[in-house]
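These notes concern the structure reproduced below.
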Amino acid sequence: MSDTLHTYQETASIGHHAADHHVHAHHKETFITKYIFSQDHKMIAKQFLVTGIIWAIIGGLFSVLFRLQLGFPDQTFPILETFFGKWAEGGRIKPEFYYALTTMHGTVLVFFVLTAGLSGTFANLLIPLQIGARDMASPIMNMLSYWFFFAGSVVMLASLFIETGPASGGWTIYPPLSALGQASEGSKAGMDYWIAGMALFIISQLFGGLNYIATILNMRTKGMSMTRLPLTIWSLLFTAILGVLSFPVLLSGVVLLLFDRHLGTSFYLSDIFIAGQALPNEGGSAILFQHLFWFLGHPEVYIIILPTMGLVSEVMSINARKPIFGYMAMVFSMFGICVLAFLVWAHHMFVTGLNPFLGSVFVLLTLLIAVPSAIKVFNWLTTLWRGNIRFTPAMLFSIGFVSLFISGGLTGIFLGNSTIDIHLHDTMFVIAHFHIVMGVSAFFGMFAGIYHWFPKMFGRYMNNTLGYIHFWVTLVGAYLIFWPMHYQGLAGMPRRYLDKSSWVSFSQFDSLDAMITVVTVLVFAIQLLFVFNFFYSIYKGRRVRSQNPWGATTLEWTTPIRPGHGNWEGEIPEVHRWAYDYGKDGRDFIPQTEPIGEKESSH
């Protein structure tokens, strides 16, 4: 029965592809349909990437601004008043503006860059190309996923220009600060913009995620069984499932928050006094919002990191010229991470009065996630072991990803333990941990993907010399910025405080904070060098002359150098083997399209 069903699906798929090819061959595209409202998954990938880069520059600039305050709290910078007016009178950042900067920095980089920019780019680019499909299951829904993301971006960006400023309650927007418009300047209209922008963003993620899942499960070319999928596709599939199951919870949470703000409900409010006057809200709990937020918030960590796991696995195997070590172990470890991601949210709430027994359960579940993570690290290292490694920029960023993932993962063990977390909670230790393991490492995975698949996207190479400079300055800078923060956190230095000068005990870190700020400016500047390299190479980079410049096995390198809408000019290639036949039988690599020889083992 299953064989019959499989054969039917293959036949239907081939027929569908043939019909698609006919449609694409006769479809005339205008400038608007090709570059703006495009339904071609490759163009949508570029739209997500460019929008994500713009957001990354904005979000990174925010961090430079608030690091100036932290590094040099006693100095003034008149240029700040020139650009930000009343928010930086006298050249010093006002407290309200400082919290708005940190709020928008977190929001922008977590959601608009490392979620939408990352998954939107590589899911759109790689899923149809690597599984052998002409496009996504629903190109229209795919186009809408970008435009909802773009609309959310516009709304979020607009909040920067309103009189009361953007949201300033932190990227977690905990109530009651976020629920009461009279609480602060950043709790007024800026918070409504934040909620509206996030709602549009979540709709975009749901459109995209459903499309990715449907495409992977239903539109694989003949011979592309699930166990022959590249790890990039497995990682994007698990990411999409995580997003589809968890984002609606945050959406419902912020809708209830909107009701509390404007309809007089009390989902998150109770026993609130402002200026000595009791508000009428009763029966709600701010802790409820924390449960809803972190039910998305912790899977969000893996929504960000899982795609990069797939990207670096692919880049490592190709550039080590070796098969990926433990393919099935990698798949099952991603599945394990996917399941456990839903069971660990409460470790963010150890200090909210959580029942100690319940806390111990979440400690166990949190520490369990180290097992599949360790399996992946072991397999990456064994893939590199005795490999004939090509140190391209993409490969260096992949190795850097593993280094940062190990560093950040180890410090996560401290925070997963409830007894230690009580001391470290809301200190700079937390900032250092999640920036290394979730922020910087994810950026490294994304950079690896951009350098590696740039030739497929634009038919040119990025400049390698600039790529090497970009890698080394970013790697060293990341450790110089975030590693000292662990020691600040261990000493009890709190996060979210814009001025710690009144604490004598923290004055020992003054010079360290200044150093971190200087390095932050340098690392931000080097990211601008990457942006220059990216856009310059689109038009002036060295042209790609070979259809398969990296000597890879997967299907995207069987398309023309600059494939049109529909990807393959003729029939879609058939797949006969897995994606990691490197260094086999005396050959450098064997494409997935090559039939398995009579005396050859599959893998």
Run the side chain to side chain contact (heavy atoms under 4.5 Å, CB included) test on Phe238 and Ile337 for me, step by step, so that the C-alpha distance in whole Å, both residues' side-chain angles and the decisive distance to 0.1 Å come before the verdict.
CA-CA 9 Å; Phe238 287 132; Ile337 290 172; over 6 Å; no
Mind listing the closest non-hydrogen atom pair of Gly467 and Tyr451 along with its distance?
CA-OH, 3.4 Å
Would you find a donor on one side and an acceptor on the other, under 3.5 Å apart, between the side chain of Tyr268 and the backbone of Gly253?
yes
Minimum heavy-atom separation for Ile287 to Met349, with atom names?
CG2-CE, 3.8 Å
Validation row: Val301, Phe434 side chains within 4.5 angstrom (heavy atoms)
no
More than 12 non-hydrogen atoms from neighbouring residues, nucleotides or ligands closer than 6.0 Å to CZ on Phe509, yes or no?
yes
Can you confirm whether more than 12 heavy atoms, excluding those of Gln277, are under 6.0 Å from its CD atom?
no
Are Phe482 and His486 an aromatic pair, judged by ring center distance below 6.0 Å?
no
Return yes if some donor-acceptor pair links the side-chain N/O of Ser178 with the main-chain N/O of Ile173 below 3.5 Å, else return no.
yes
Side-chain heavy atoms of Thr115 within contact of Ile304, under 4.5 Å:
yes
Are Phe112 and Phe149 close enough, and set up right, to give a side chain to side chain contact (heavy atoms under 4.5 Å, CB included), and what steps lead you there?
CA-CA 8 Å; Phe112 288 77; Phe149 166 58; 3.5 Å; yes
With sequence neighbours excluded, give me every salt bridge (Lys or Arg N to Asp or Glu O under 4.0 Å) pair touching residues 358-376.
none
Contact list for residues 48-75, test salt bridge (Lys or Arg N to Asp or Glu O under 4.0 Å), sequence neighbours left out
Arg67-Asp513
Candidate pair Phe534 and Phe454, rule ring pair (Phe, Tyr, Trp, His ring centres under 6.0 Å), full reasoning:
CA-CA 9 Å; Phe534 179 87; Phe454 191 89; 5.6 Å; yes
Between Gln527 (side chain) and Val523 (backbone), is there a donor-acceptor pair under 3.5 Å?
yes
So, using side-chain contact (heavy atoms from CB on, under 4.5 Å) as the criterion, who are the partners of Ala199 when residues are at least two apart?
Leu251
Pairs involving residues 358-370, ordered by first then second residue, that meet side chain to side chain donor-acceptor pair (under 3.5 Å) (sequence neighbours left out)
His347-Thr366
Under the side-chain contact (heavy atoms from CB on, under 4.5 Å) rule, collect the residues that match up with Phe342, sequence neighbours excluded.
Leu242, Leu245, Ser246, Phe295, Pro299
Whether over 12 other heavy atoms sit under 6.0 Å from Phe535 CZ:
yes
Leu292, Leu256, Val255 screened by side-chain contact (heavy atoms from CB on, under 4.5 Å) with Phe267, the one that passes
Leu256
Can you list every side chain to side chain donor-acceptor pair (under 3.5 Å) pair that touches residues 432-449, not counting sequence neighbours?
Thr411-His433
Residues that Tyr479 engages under ring-ring contact (aromatic ring centres under 6.0 Å, His included), provided they are two or more places apart:
none
So Tyr193 and Ile162, do their side chains get closer than 4.5 Å, heavy atoms only?
yes
On a heavy-atom basis, the closest approach of Ala179 and Leu269 is CB-CD2, 3.9 Å
Side chain to side chain contact (heavy atoms under 4.5 Å, CB included) for Leu466 and Phe530? Distances and angles first, verdict last.
CA-CA 7 Å; Leu466 297 181; Phe530 161 77; over 6 Å; no
Backbone of Asn463 reached by a side-chain donor or acceptor of Asn533 within 3.5 Å
yes
Please tell me if the side chains of Ile53 and Leu49 come closer than 4.5 Å, counting only heavy atoms from C-beta onward.
yes
Counting heavy atoms not belonging to Phe84, are there more than 12 under 6.0 Å from its CZ?
yes
Distance flag, aromatic centroids of Phe401 and Phe447, threshold under 6.0 Å:
no
Nearest 0.5 Å please: distance from the OG1 atom of Thr102 over to the CG atom of Leu65.
11.5 Å
Strictly by salt bridge (Lys or Arg N to Asp or Glu O under 4.0 Å), give each pair with a member in residues 166-193 just once, sequence neighbours left out.
Glu185-Lys188, Asp192-Arg261
Measure across Pro166 and Leu160 and return the closest heavy-atom pair with its distance rounded to 0.1 Å.
CG-CD2, 3.8 Å
Looking only at heavy atoms, the pair that brings Val440 and Ala478 closest together is CG1-CB, 3.7 Å
Side-chain heavy-atom pair Leu512, Tyr487 within 4.5 angstrom cut-off:
no
Kindly assign one of parallel, tilted or perpendicular to the pair Trp503 and Tyr497, based on the angle between their ring planes and the thresholds 30° and 60°.
tilted
Near-ring test Tyr468/Phe391, centroid separation under 6.0 angstrom
no
Holding to salt bridge (Lys or Arg N to Asp or Glu O under 4.0 Å), I want the full list of residues that pass it with Arg496, two or more places apart in sequence or in another chain.
Asp426
Working for side chain to side chain contact (heavy atoms under 4.5 Å, CB included), residues Tyr302 and Leu340
CA-CA 10 Å; Tyr302 301 100; Leu340 288 170; over 6 Å; no
Is Trp385 close to Leu381 at the side-chain level, that is, under 4.5 Å between some pair of heavy atoms?
no
Hey, does the side chain of Glu81 reach the backbone of Gly90 with a donor-acceptor pair shorter than 3.5 angstrom?
yes
Exercise: identify the closest heavy-atom pair between Ala341 and His298:
O-CD2, 4.1 Å
Excluding sequence neighbours, so at least two apart, what forms side-chain contact (heavy atoms from CB on, under 4.5 Å) with Leu528?
Ile57, Phe524
Contacts satisfying side chain to side chain donor-acceptor pair (under 3.5 Å) that involve residues 162-173 (not counting sequence neighbours) are Glu96-Ser168
Is a side-chain donor or acceptor of Asp260 paired with a backbone partner of Ser266 at a separation under 3.5 angstrom?
yes
Would you indicate whether the side-chain heavy atoms of Leu498 and Tyr99 approach each other to under 4.5 Å?
yes
Nearest 0.5 Å please: distance from the CD1 atom of Ile305 over to the CE atom of Met334.
12.5 Å
Is there a side-chain contact between Phe444 and Phe405 in this structure, where contact means two heavy atoms from C-beta onward sitting under 4.5 Å apart?
no
Is Ser187 reaching over with its side chain to a backbone N or O of Gly181, donor-acceptor style, under 3.5 angstrom?
no
Can you name the residues that form a side-chain contact (heavy atoms from CB on, under 4.5 Å) with Phe414, not counting sequence neighbours?
Ile420, Leu424, Phe429
